[in-house]
There are 2 protein chains.
Amino acid sequence: MRNQLLNLGLMEDFLIHMEYEGLTSRLKRLSDALLYSTKDLYKSKGLDIEPNWNLIFRLLQEHQAMTITEMADTLQFSHPAVVKIVKKMKRNGYIATQEDDSDKRKQVLSLTPKAHKHIAVFKPYWEAGTEVTRDILADSPHFMEELARIEEKLNEANYKERTLKKL
Amino acid sequence: MRNQLLNLGLMEDFLIHMEYEGLTSRLKRLSDALLYSTKDLYKSKGLDIEPNWNLIFRLLQEHQAMTITEMADTLQFSHPAVVKIVKKMKRNGYIATQEDDSDKRKQVLSLTPKAHKHIAVFKPYWEAGTEVTRDILADSPHFMEELARIEEKLNEANYKERTLKKL
DNA sequence: CTAAATTAAGTAACTGGTTACGCAAATGTA
DNA sequence: TACATTTGCGTAACCAGTTACTTAATTTAG
């Protein structure tokens with residue numbers, strides 16, 4: 001692919017060429033590439049996990065038990081996103097739910113024994129992935145910090161609000 | 001939402017707390033936020049465009065005429081992604097297609113007169129958006145450059161390949 | 001010159017998010 | 001204490017991408 005582009009003289013990458021106007025699409029393109037590559041990895045290794053499950057596992061390791069809403073708030077995901085992820089993890093036997101007895105609307109989630117056992121198997125893969133992320137960021141030393149600053153700014157006022165103010 | 005988190009003492013943002021392990025999810029979260037906010041903006045202003053259309057408009061302004069495959073290569077998107085975007089833009093009357101007469105498989109795409117006329121209307125919105133991106137990146141001076149470096153590395157070897165090598 | 005391989009582009013099925021909506025439970029208030 | 005509001009969470013419909021497959025046209029090779 002890259003060779004094709006080189007041959008075509010298109011190597012400059014149009015999205016990069018677009019500078020600020022191309023940023024949103026580049027972020028999407030990058031996050032999709034990471035997502036599909038991760039799925040591909042898990043599949044090729046026959047691992048019974050999906051991207052993002054590591055977040056839930058970690059969350060429940062650190063907090064013991066949480067509700068859907070707490071998870072959504074903590075991850076800053078919409079709650080239906082968490083519902084979907086958790087539903088699959090439940091189906092695969094990694095998460096148990098229990099109705100909160102002081103508030104019957106709440107589903108208290110926790111890790112099953114199976115989860116604790118399998119985490120040991122998954123861990124090396126997650127760690128290898130983390131290692132790769134570290135490598136990829138090796139000559140981008142400000143990236144994480146500057147990303148956090150961007151997230152912070154967008155939490156204060158989102159893209160739409162900011163753009164409306166410019167018009 | 002942010003206030004809720006503050007009240008809950010969850011303000012640290014778990015994904016940031018996860019450091020390298022949280023990066024992929026943060027990129028997804030950020031690009032989704034930008035995407036939906038942009039859609040919301042266009043909708044609220046009654047604009048007959050969607051995110052990414054600016055890319056296609058720009059591409060066809062700079063190259064006059066291109067095929068689906070050329071666009072996909074230039075943007076580094078999959079070709080079905082381009083097919084989908086172009087289909088909608090065609091339906092809305094912004095793109096015309098003509099069969100290449102030296103190669104009947106190819107669809108040569110170009111902007112319609114309507115497109116040229118409406119681009120003038122859309123332009124201020126795109127420019128305001130670009131301005132906002134500039135603002136958001138104002139105290140992240142290395143971000144674009146370091147993002148490019150990351151993209152470059154992942155073009156050389158993707159996440160899966162790199163992770164397999166670590167195992 | 002014909003058969004095999006490649007290429008262009010459209011379609012189908014899937015994915016991991018989103019917003020919008022509905023219902024039941026809990027909370028606040030007159 | 002009852003009624004309005006808020007909250008938790010599940011579902012539906014949508015969205016912008018992906019991979020996998022198909023078909024037709026072109027190119028390559030024997």
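Throughout, protein chains are lettered first and strands after them, A, B, ... in sequence-line order, and every chain is numbered starting at 1. Heavy-atom basis, side chains included; hydrogens, waters and symmetry copies ignored.
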*If you look at every strand shown and take non-hydrogen atoms under 4.0 Å, does A:Ser102 touch a base, only sugar-phosphate, or nothing?*
sugar-phosphate
*Would you check if the side chain of B:Ser44 reaches a backbone N or O of B:Leu41 as a donor-acceptor pair within less than 3.5 Å?*
yes
*Taking N and O atoms by type only, does the side chain of B:Arg105 place a donor or acceptor under 3.5 Å from a partner on the base of C:dT7?*
yes
*For B:Tyr159 and D:dT18, what is the distance between atoms OH and C1' respectively, to the nearest whole Å?*
18 Å
*Round to a whole Å and report the spacing from CG of A:Leu34 to P of D:dT18.*
13 Å
*Answer with base, sugar-phosphate or nothing: what part of the nucleic acid does A:Lys88 contact at a heavy-atom distance below 4.0 Å?*
sugar-phosphate
*Ignoring hydrogens and geometry, is there a side-chain-to-backbone donor-acceptor pair from A:Thr133 to A:Gly129 under 3.5 Å?*
yes
*asked:* Counting distance alone, no hydrogens or angles: does the base of D:dG10 have a donor or acceptor under 3.5 Å from a partner atom on the side chain of A:His79?
replied: yes
_Under 4.5 Å between side-chain heavy atoms, counting indirect links through other Ile/Leu/Val/Met/Phe/Trp/Tyr residues: same cluster for B:Leu60 and B:Phe122 or not?_
yes
*Using heavy atoms to find the nearest nucleotide of DNA chain C for A:Ser78 and B:Lys87 separately, return the residue whose nucleotide is more 5′.*
B:Lys87
*Give a yes/no on whether any side-chain N or O of A:Lys39 is located under 4.0 angstrom from OP1 or OP2 of C:dG16.*
yes
*So, is A:Thr67 near the phosphate of D:dG8, with a side-chain N or O under 4.0 Å from OP1 or OP2?*
no
*Over 60° means perpendicular and under 30° means parallel, so classify the ring planes of B:Trp126 and B:Phe57, tilted if in between.*
tilted
